[in-house]
Participant: 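Below you will find the structure I want to go over with you.
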Amino acid sequence: MTETKNFIEQIIDEDLKTGKYGGRVHTRFPPEPNGYLHIGHAKSICLNFGLAEKYNGVCNLRFDDTNPIKEDTSYTKAIQEDIKWLGYDWADRLYYASDYFEQMYEYAVQLVQAGKAYVCSLSEKEIREYRGTVKEPGKPSPYRNRSVEENLELLEKMKNGEFEDGQHTLRAKIDMASANMKMRDPLIYRIRNAKHHRTGDKWHIYPMYDFAHCLEDSIENITHSLCSIEFENNRPLYDWFLDQLSIYHPQQIEFARLNMTYTVMSKRKLLKLIEEGYVSGWDDPRLPTIRGLRRRGYTPSSIREFSNIIGVAKSDSTVDYALLEHVIRKELNKTAMRVMGVLKPLKVIIDNYPEGEEEYLEAVNNPEDPEYGTRQVPFSKELYIEQDDFMEDPPPKFYRLAPGCEVRLRYAYFLKCNSVEKDEDGKITALHCTYDPATKGGSAPDGRKVKATLHWVSAKHAIDAEVRLYDNLFTKENPENSKDGRSFEHFINENSLQILKNCKLEPSLQEVKPETRVQFERLGYFCADRFDHSSNNLVFNRIVTLRDTWKKIQKRLAKQNKKK
Ligand code: ATP
Ligand code: MG
């Protein structure tokens, strides 16, 4: 099979052929340390580190810490932890944009000396007004023709903290009539008399993204600088700075951002959900953050596989959340132990099972892989089954347990319900059943069939657990885009978390470690909570149900395509 290469790989192949970068591939992942990473960042991480791996190159981790106001060292720690967890390693190539502040300043001085930059004393608002619109050219700043000497003197004073925030800016002298608004004398430096988390009080001016980013890439000898599509119009500016300074010139390449259904992706919006208490924190298992996904039970390999499947393209699209679920389901189907747990227990008393007796039955650990072997599950006179698996007065086609009906207990026996016990309020408290000892292992010697197989646990041996069931955080596929202009918090799913406190699990789960993933038969894949779970307090999060909605979506899409 020939591999189809994505457009970035095609560019790299061409560059390797022409020897543009001497055969090197050197990428970087440049997060701003102002929040935690989400699955969109994971796409960029997998892409940058993945390409470096594939082409025998290297990938830097670089903190783009050019904005002192929103950044913090707690974020730099968390970001490193998350990238490592995803399975990537920057070795000794951890860099900070703030380490280049001196060098950047020198470059700015060079631009001023070459008459390519000037100190502008318009206010922010005036700069906006002078910039013009898409249809109209901008007006030159009245400060555009300051002499080189005056500019140098002012810039020096800006650096030394002699002005207030906003009093002056340093701007590139390009073209106020450019069709590309980004080229209309963009800002290079602004005054920020603020403490930076790494450089402290040293600096009073901070470089703007467009100036800083290309220099960071150039200083680090990056070959292919991958960024998301909204920076397409910034590329001429990226090139302009490097060309004016005549320094090493990486290639900026834009790719489409990842968006997903039923969630929001920007750090600002995620922060809002946290601050307003819709979720418990950056690691809430409902969030698309790396730590949220981790806590929910996603594996690093599933996130890498997801990134691989979605690929890279140039135009934005929204990926169905069901695809991510499909990927983890597929992985866990291969790797997760099957166990039995009852989420909403209903007591079953087997009247013909000998009092005080118990036995151990063999259960298969993973039908996908015989290597996982079998285990012994205790069985006794009193069991728990799922409340939903019983109906006193069932409608037609209800094949589970009902008075007079027979079902199979997984790995055990056929079971028939005879009568129902109720409390004063008429609520069912227990079922009286009989079992058929001749059906041990799950089939009847007389060949009679049953239509359902239920999971169960022995009441005497069961261990108690809390189980957290999660659903989409939003009720709307695209909560950011409502026709009536309502903002995304309006579409929060009130039922996105359901906590069940009285769940009953088979005893083999007593000693599992946090972050262990298992399949509860018939119920889905679950993960022992990373923080709250211990052998004294069992807590499991449902990662996904067993129902694969992605397959359904694919069928629907195939049908739609046929119609077209
Ligand atoms: P957000 O908009 O969520 O705050 P950001 O772009 O401001 O994200 P950065 O820390 O600047 O976050 O991003 C680091 C890198 O991750 C950038 O190269 C950026 O292009 C990439 N990135 C961020 N969000 C996505 C996304 N949704 N899909 C793909 N790449 C992304
Ligand atoms: Mg950003």
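From a predicted model like this one, the values you see are computed outputs, not experimental measurements. Just so you know, residue 1 is the first one in the sequence shown, and it goes up from there.
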Participant: Count the heavy atoms of every other residue, nucleotide or ligand shown that sit under 6.0 Å from NZ of Lys330, and state whether that count exceeds 12.
Facilitator: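 Check fails, neighbour count at 12 or below.
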Participant: Between CG of Asp65 and NZ of Lys70, what distance do you get to the nearest 0.5 Å?
Facilitator: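 Reported to 0.5 Å precision, the distance equals 14.5 Å.
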Participant: Under the 3.5 angstrom rule, does the side chain of Thr261 hit a backbone N or O of Tyr321 as a donor-acceptor pair?
Facilitator: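 Yes.
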Participant: For Gln519 and Tyr525, run side-chain hydrogen bond (donor to acceptor under 3.5 Å, both in side chains): C-alpha distance rounded to whole Å, both residues' side-chain angles, the deciding distance at 0.1 Å, then the answer.
Facilitator: CA-CA 4 Å; Gln519 183 194 98; Tyr525 293 101; 3.1 Å; yes
Participant: Would you call Glu466 and Arg468 a salt bridge, using N to O less than 4.0 angstrom?
Facilitator: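 Yes.
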Participant: Give, for atom CD of Glu494 and atom CG of Asp471, the distance between the pair rounded to the nearest 0.5 Å.
Facilitator: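 Between Glu494 CD and Asp471 CG, I get 12.5 Å after rounding to 0.5 Å.
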Participant: Could you give the distance from CZ (Arg329) to CG (Leu546), rounded to the nearest 0.5 Å?
Facilitator: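 Reported value, rounded in 0.5 Å steps: 7.5 Å.
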Participant: Among Val264, Leu287, Leu497, find the one that has a side-chain contact (heavy atoms from CB on, under 4.5 Å) with Leu473.
Facilitator: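 Testing Leu473 for a side-chain contact (heavy atoms from CB on, under 4.5 Å) against Val264, Leu287, Leu497 leaves exactly one candidate, Leu287.
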Participant: Taking Lys334 first and then Glu368, would you say they form a salt bridge - that is, a charged N and a carboxylate O separated by under 4.0 Å?
Facilitator: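 Result for this pair is no, no salt bridge flagged.
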Participant: Any ion pair linking Glu232 and Lys314 (charged N to carboxylate O, less than 4.0 Å)?
Facilitator: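 Result for this pair is no, no salt bridge flagged.
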Participant: Give a yes or no on whether a salt bridge exists between Arg235 and Glu254, defined as a side-chain N under 4.0 angstrom from a carboxylate O.
Facilitator: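 Salt bridge flag = yes for Glu254 with Arg235.
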Participant: If we ignore angles and hydrogens, is there a donor and acceptor under 3.5 Å between the side chains of Asn536 and Ser534?
Facilitator: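 Their side chains do not contain a donor-acceptor pair, so the 3.5 Å distance test is not met.
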Participant: Please name the pair of heavy atoms, one in Tyr470 and one in Arg296, separated by the smallest distance, quoted to 0.1 Å.
Facilitator: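 Nearest pair, atom of Tyr470 first, then Arg296: CB-CZ, 3.5 Å.
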Participant: Determine, for Asp99 against Arg198, whether the closest basic-nitrogen to carboxylate-oxygen distance falls under 4.0 angstrom.
Facilitator: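 Counted as a salt bridge, because a side-chain N and a carboxylate O are separated by less than 4.0 Å.
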Participant: Report yes if the distance between the aromatic ring centroids of Phe474 and Phe491 is under 6.0 Å, otherwise no.
Facilitator: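 Ring centroids of Phe474 and Phe491 are no less than 6.0 Å from each other.
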Participant: Looking only at heavy atoms, what is the nearest atom pair of Gly341 and Glu386, with distance?
Facilitator: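 Between these two residues, the closest heavy atoms are O-OE1, 3.9 Å.
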Participant: When you measure from the side chain of Arg192 to the backbone N and O of Asp165, does any donor-acceptor pair fall under 3.5 Å?
Facilitator: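 It does not hold such a pair.
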Participant: Determine whether more than 12 heavy atoms belonging to other residues, nucleotides or ligands lie under 6.0 Å from atom NZ of Lys77.
Facilitator: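 It does not: Lys77 NZ has 12 such atoms or fewer within range.
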Participant: Do the charged groups of Arg28 and Asp217 touch, with an N to O distance under 4.0 Å?
Facilitator: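 Answer for the salt bridge query: yes.
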Participant: Ion pair present between Glu362 and Arg375, side-chain N to carboxylate O less than 4.0 angstrom?
Facilitator: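 So Glu362 does not pair with Arg375 through a salt bridge.
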Participant: With a 4.5 Å heavy-atom cut-off, do Ser508 and Val377 have their side chains touching?
Facilitator: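 Ser508 vs Val377: side chains apart.
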Participant: Using a 4.5 Å cut-off on heavy atoms from C-beta on, say whether the side chain of Val544 contacts that of Tyr298.
Facilitator: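 Touching, per the 4.5 Å side-chain cut-off.
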Participant: With a 3.5 Å cut-off and no angle check, do the side chains of Asn193 and His204 form a donor-acceptor pair?
Facilitator: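 The criterion, which ignores hydrogens and geometry beyond distance, is satisfied for His204 and Asn193.
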Participant: Centre of Phe101's six-membered ring, under 6.0 Å away, within 45 degrees of the axis: is that where NZ or CZ of Lys202 sits?
Facilitator: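 Judged by the rule, Lys202 and Phe101 form no cation-pi pair.
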Participant: Taking the six-membered ring for Trp, are Phe29 and Trp90 ring centroids under 6.0 Å apart?
Facilitator: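 Ring-ring flag for Phe29/Trp90: false, centres at least 6.0 Å apart.
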Participant: Regarding Arg93 and Glu220, does a basic nitrogen lie under 4.0 Å from an acidic carboxylate oxygen?
Facilitator: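 No salt bridge links Arg93 with Glu220.
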Participant: Between Tyr36 and Ile290, is there a side-chain heavy-atom distance shorter than 4.5 Å?
Facilitator: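 No - every pair of side-chain heavy atoms lies 4.5 Å or more apart.
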Participant: More than 12 heavy atoms of other residues, nucleotides or ligands under 6.0 Å from NZ of Lys476: yes or no?
Facilitator: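 Above 12, so yes.
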Participant: Side chains of Tyr372 and Val364: closer than 4.5 Å at any heavy-atom pair?
Facilitator: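 Not in contact.
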Participant: Does the pair Arg400/Asp389 count as a salt bridge with the N-to-O cut at 4.0 Å?
Facilitator: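 Asp389 and Arg400: salt-bridged.
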Participant: Determine whether the aromatic ring centres of Phe49 and Tyr88 lie less than 6.0 Å apart.
Facilitator: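 Between Phe49 and Tyr88, the centre distance is under 6.0 Å.
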Participant: Testing the 3.5 Å rule here: is there a donor-acceptor pair between the side chains of His455 and Arg522?
Facilitator: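 Checked: His455/Arg522 side chains pair up, N/O donor to acceptor below 3.5 Å.
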Participant: Measuring centre to centre across the rings, with the benzene-like ring taken for any Trp, is Phe231 within less than 6.0 Å of Tyr209?
Facilitator: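 Yes, the ring centres sit under 6.0 Å apart.
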Participant: Are the side chain of His38 and the backbone of Thr289 linked by a donor-acceptor contact shorter than 3.5 Å?
Facilitator: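 Side chain of His38 to backbone of Thr289: no pair is present.
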Participant: If only side-chain N and O atoms count, and only distance matters, is there a donor-acceptor pair under 3.5 Å linking Asp548 with His326?
Facilitator: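 Judged by distance alone, the side chains do pair up.
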Participant: Answer yes if the ring centres of Phe211 and Phe241 are under 6.0 angstrom apart, and no otherwise.
Facilitator: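 Ring-ring flag for Phe211/Phe241: true, centres closer than 6.0 Å.
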Participant: Minimum heavy-atom separation for Ser307 and Cys46, please, with both atom names.
Facilitator: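 The answer is OG-SG, 3.5 Å.
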Participant: Rounded to the nearest 0.5 Å, how far apart are SG of Cys503 and CG of Leu509?
Facilitator: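 Answer rounded to 0.5 Å: 12.0 Å.
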Participant: Between Phe63 and Leu61, is there a side-chain heavy-atom distance shorter than 4.5 Å?
Facilitator: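 Yes. Closest side-chain heavy atoms under 4.5 Å.
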Participant: Could you walk me through whether Glu124 and Arg190 pass the salt bridge (Lys or Arg N to Asp or Glu O under 4.0 Å) check?
Facilitator: CA-CA 10 Å; Glu124 249 178 66; Arg190 62 183 164 184; over 6 Å; no
Participant: Report yes or no: does His224 contribute a side-chain atom to a donor-acceptor pair with the main-chain N or O of Thr27 at less than 3.5 Å?
Facilitator: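 Not a single qualifying donor-acceptor pair exists.
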Participant: Could you tell me the separation between the CD1 atom of Ile45 and the CZ atom of Arg304, rounded to the nearest 0.5 Å?
Facilitator: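 Spacing of CD1 (Ile45) from CZ (Arg304) equals 11.5 Å.
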Participant: Side chains of Thr453 and Arg410: is there a donor and an acceptor less than 3.5 Å apart?
Facilitator: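 Distance-only check fails for Thr453 and Arg410.
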Participant: Just wondering, are more than 12 heavy atoms of other shown residues or ligands nearer than 6.0 Å to CG in Asp89?
Facilitator: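 Check passes, neighbour count above 12.
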Participant: Give a yes or no on whether the backbone of His26 and the side-chain of Thr223 come within a donor-acceptor separation of less than 3.5 Å.
Facilitator: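 Checking the backbone N and O of His26 against the side chain of Thr223, a donor-acceptor pair under 3.5 Å is found.
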Participant: Does any part of the side chain of Leu226, heavy atoms only, come nearer than 4.5 Å to the side chain of Ile8, both counted from C-beta?
Facilitator: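 Ile8 vs Leu226: side chains touch.
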Participant: Among Phe520, Tyr384, Phe379, exactly one meets ring pair (Phe, Tyr, Trp, His ring centres under 6.0 Å) together with Trp456. Which residue is that?
Facilitator: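 Only match with Trp456 under ring pair (Phe, Tyr, Trp, His ring centres under 6.0 Å): Phe379.
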Participant: Work out which heavy atom in Pro31 is nearest to a heavy atom in Arg62; give both atom names and the distance.
Facilitator: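 Shortest heavy-atom separation between Pro31 and Arg62 comes out as CD-O, 3.2 Å.
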Participant: Lys344 versus Val342: any side-chain heavy-atom pair under 4.5 Å?
Facilitator: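 Result no, sub-4.5 Å side-chain heavy-atom pair not found.
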Participant: What are the two closest non-hydrogen atoms of Glu216 and Ala97, and how far apart are they?
Facilitator: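 Heavy-atom minimum between the residues: OE2-CB, 3.2 Å.
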Participant: Identify which one of Arg291, Arg295, Arg294 satisfies the salt bridge (charged side-chain N to carboxylate O under 4.0 Å, His left out) criterion when paired with Asp82.
Facilitator: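 Result: among Arg291, Arg295, Arg294, Arg291 is the only option passing the salt bridge (charged side-chain N to carboxylate O under 4.0 Å, His left out) with Asp82.
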Participant: Return yes if a side-chain donor-acceptor contact under 3.5 Å exists between Thr299 and Ser302, otherwise no.
Facilitator: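 Note: Thr299 and Ser302 side chains meet the donor-acceptor criterion.
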Participant: Please state whether the rings of Tyr75 and Trp282 are parallel, tilted or perpendicular, taking 30° and 60° as the class boundaries.
Facilitator: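 Perpendicular: the ring planes of Tyr75 and Trp282 meet at over 60°.
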Participant: Please answer whether the main-chain N or O of Asn493 pairs with a side-chain N or O of Ser496 as donor and acceptor at a distance below 3.5 Å.
Facilitator: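 A pair under 3.5 Å: yes.
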Participant: Hey, are Glu382 and Ser458 close enough side-chain-wise for a donor-acceptor pair under 3.5 Å?
Facilitator: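 No - no donor-acceptor pair under 3.5 Å links their side chains.
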Participant: Regarding Asn234 and Asp210, is there a side-chain donor-to-acceptor distance under 3.5 Å anywhere?
Facilitator: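 Yes, because at least one side-chain N or O of Asn234 sits under 3.5 Å from a partner of the opposite role on Asp210.
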Participant: Rounded to the nearest 0.5 Å, what separation is found between the OG1 atom of Thr66 and the CG atom of Asp64?
Facilitator: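 Those atoms lie 4.5 Å apart.
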Participant: Does some side-chain heavy atom of Ile492 sit less than 4.5 Å from a side-chain heavy atom of Leu273?
Facilitator: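 Leu273 reaches Ile492 side chain to side chain.
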Participant: Any carboxylate oxygen within less than 4.0 angstrom of a Lys/Arg side-chain nitrogen, looking at Asp464 and Lys504?
Facilitator: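 Salt bridge flag = yes for Lys504 with Asp464.
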Participant: Work out which heavy atom in Val518 is nearest to a heavy atom in Phe540; give both atom names and the distance.
Facilitator: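 Result for this residue pair: CG2-CE2, 4.4 Å.
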